[in-house]
Amino acid sequence: MKRICVYSGSNLGVRPEYKEITNQLGDVLVQNNIELVYGGSNIGLMGEIANEIMKKGGRVTGVIPRDLFPNEVINTQLTELIKVKNMHERKQTMTDLSDGFIAIPGGVGTFEELFEVLSWAQLGIHKKPVGILNISNFFDPFIALIQEIVKEGFMNASNTKLLLVSTEPHELIKKMAIYTPPTLGNKWRQLDPVLSKL
C-alpha cells in the first residue's frame, strides 16, 4: 500500500485518546512509508493526522472542494492540495488515489464516507481494504449496527469480512497489508433459490 485514505472528524472530540491515537496512526503511516490522502482540513482530527505526518517528514495529499470551506479551515502546508468542484468529486478523487481506507472517530460525514466505501466493496467496485481504528470503542455502535443488519437479513454475513477492525494502529496496518478480498455470498438473498439451481 502506497497511499491510505483516512476518514476523520473536523473536530477533536471530547476524549484525549482520539487525538493521541490519531497521531500514533500518523506515525505508523510514516514508518511504513505510506502517504496520507484525506479531506484537506487543518482542524480537528483531520488536521492532527496531516500535521503529524508532515512534521515527521511524510507525504500528505489533501482533497477539498472549491469555495465550500473558509480559508482558515484549509491546510495549505501539505505535499499536495487538490481542489475539486464538489463533495462528490472529492470522494471519488480520494478513492481513486488510495490503496486502502481507514475510518477514525468523526461525525456524520465520516460515517457517510465509510458506508459508501464499504458499499462499493460489497458491490465489487473496488477490492481495497477498509479499516476501522476503533479508538476508545467509538465504533462499537456501528459494528453492532452491521451485525443487526446481518441478523435482520439485509446483508450477507460474509460481507462483514470486508471490514478490518482494530484498536491499535500498528495492528490495523498489518491487517490491511495482508488483506485478501473475501469470497462473498449472494447480495440479493431472494435470488438464492434461483442461483442454487444454475
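Side chains are part of it too, since the values below use all heavy atoms of this structure and drop only hydrogens, waters and symmetry mates. Please read all numbers here as calculations on a predicted model, not as lab measurements.
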Is the closest side-chain heavy-atom distance between Gln147 and Lys151 below 4.5 Å?
-> no
OH on Tyr38 to CD1 on Ile53, rounded to 0.5 Å = 9.5 Å
Is the backbone of Lys91 close enough, under 3.5 Å, to the side chain of Thr95 for a donor and an acceptor to pair up by distance?
-> yes
Mind running side chain to side chain contact (heavy atoms under 4.5 Å, CB included) on Glu35 and Lys2 for me, showing each step along the way?
-> CA-CA 6 Å; Glu35 180 177 338; Lys2 295 181 179 179; over 6 Å; no
Is Ser119 close to Leu123 at the side-chain level, that is, under 4.5 Å between some pair of heavy atoms?
-> yes
Roughly how far apart are Asp99 CG and His126 NE2, rounded to 0.5 Å?
-> 12.0 Å
Going by the angle between their ring planes, with limits at 30° and 60°, are Tyr7 and Phe101 parallel, tilted or perpendicular?
-> parallel
Are any non-hydrogen side-chain atoms of Met1 and Lys128 less than 4.5 angstrom apart?
-> no
Evaluate the criterion side chain to side chain contact (heavy atoms under 4.5 Å, CB included) for residue pair Thr110 and Ile104; output intermediate values, then yes/no.
-> CA-CA 8 Å; Thr110 299; Ile104 63 177; over 6 Å; no
Is there a side-chain contact between Leu133 and Pro169, using heavy atoms and a 4.5 Å cut-off?
-> yes
Of the non-hydrogen atoms in Met46 and Ser41, which two are nearest, and what is the gap between them?
-> CE-CB, 3.6 Å
Of all heavy-atom pairs between Phe139 and Pro105, which one has the smallest distance, and what is that distance?
-> CE1-N, 3.7 Å
So does Lys175 have more than 12 non-hydrogen atoms from other groups sitting under 6.0 Å from NZ?
-> yes
May I ask you to check whether over 12 heavy atoms, not counting those of Gln77, lie within 6.0 Å of atom CD?
-> no
Nearest 0.5 Å please: distance from the CD atom of Glu48 over to the CD atom of Glu52.
-> 8.0 Å
Rounded to the nearest 0.5 Å, how far apart are CG of Leu164 and CE of Met176?
-> 6.5 Å
Leu45, Val108: one ILVMFWY side-chain cluster at the under-4.5 Å cut-off?
-> no
Can you check side chain to side chain contact (heavy atoms under 4.5 Å, CB included) on Ile146 and Leu118, steps first, answer last?
-> CA-CA 11 Å; Ile146 295 296; Leu118 178 59; 4.2 Å; yes
Should Leu12 and Val14 be counted in the same cluster of Ile, Leu, Val, Met, Phe, Trp and Tyr side chains packed under 4.5 Å apart?
-> no
Donor-acceptor under 3.5 Å (Arg3 side chain, Val37 main chain) | no
Verify the neighbour count for atom CG of Asn137: are there more than 12 heavy atoms of other residues, nucleotides or ligands below 6.0 Å?
-> yes
Which pair of heavy atoms, one from Leu78 and one from Ala50, lies closest together, and at what distance?
-> CD2-CB, 4.2 Å
Does Val165 reach the side chain of Phe142, with side-chain heavy atoms less than 4.5 Å apart?
-> no
What is the distance from atom CD1 of Ile135 to atom OG1 of Thr22, rounded to the nearest 0.5 Å?
-> 4.0 Å
Do Cys5 and Glu113 come within less than 4.5 Å of each other through their side chains, counting heavy atoms only?
-> no
Atom of Leu184, atom of Gln122 and distance for their closest heavy-atom approach | CD1-O, 3.9 Å
Answer yes or no: is there a side-chain heavy-atom contact under 4.5 Å between Leu172 and Val28?
-> no
Which atom pair, heavy atoms only, marks the closest approach of Ile49 to Asn23?
-> N-OD1, 4.4 Å
Check whether any side-chain heavy atom of Tyr18 sits under 4.5 Å from a side-chain heavy atom of Pro16, and report yes or no.
-> no
Please lay out, stage by stage, how Asn134 and Ile143 fare under the test side chain to side chain contact (heavy atoms under 4.5 Å, CB included).
-> CA-CA 10 Å; Asn134 195 16; Ile143 295 166; 4.1 Å; yes
Between Ser136 (side chain) and Phe138 (backbone), is there a donor-acceptor pair under 3.5 Å?
-> no
What about Phe154 and Leu145, same hydrophobic cluster or not, with Ile/Leu/Val/Met/Phe/Trp/Tyr joined at side-chain heavy-atom distances under 4.5 Å?
-> yes
Starting at NZ of Lys83, measure out to OG1 of Thr93 and round the result to the nearest 0.5 Å.
-> 14.5 Å
So, Gln92 and Asp96: side-chain donor and acceptor under 3.5 Å apart, yes or no?
-> yes
Salt bridge between Lys174 and Glu171, side-chain N to carboxylate O under 4.0 Å?
-> no
With distance as the sole test, does Thr79 use its side chain to make a donor-acceptor pair with the main-chain N or O of Val60 at under 3.5 Å?
-> yes
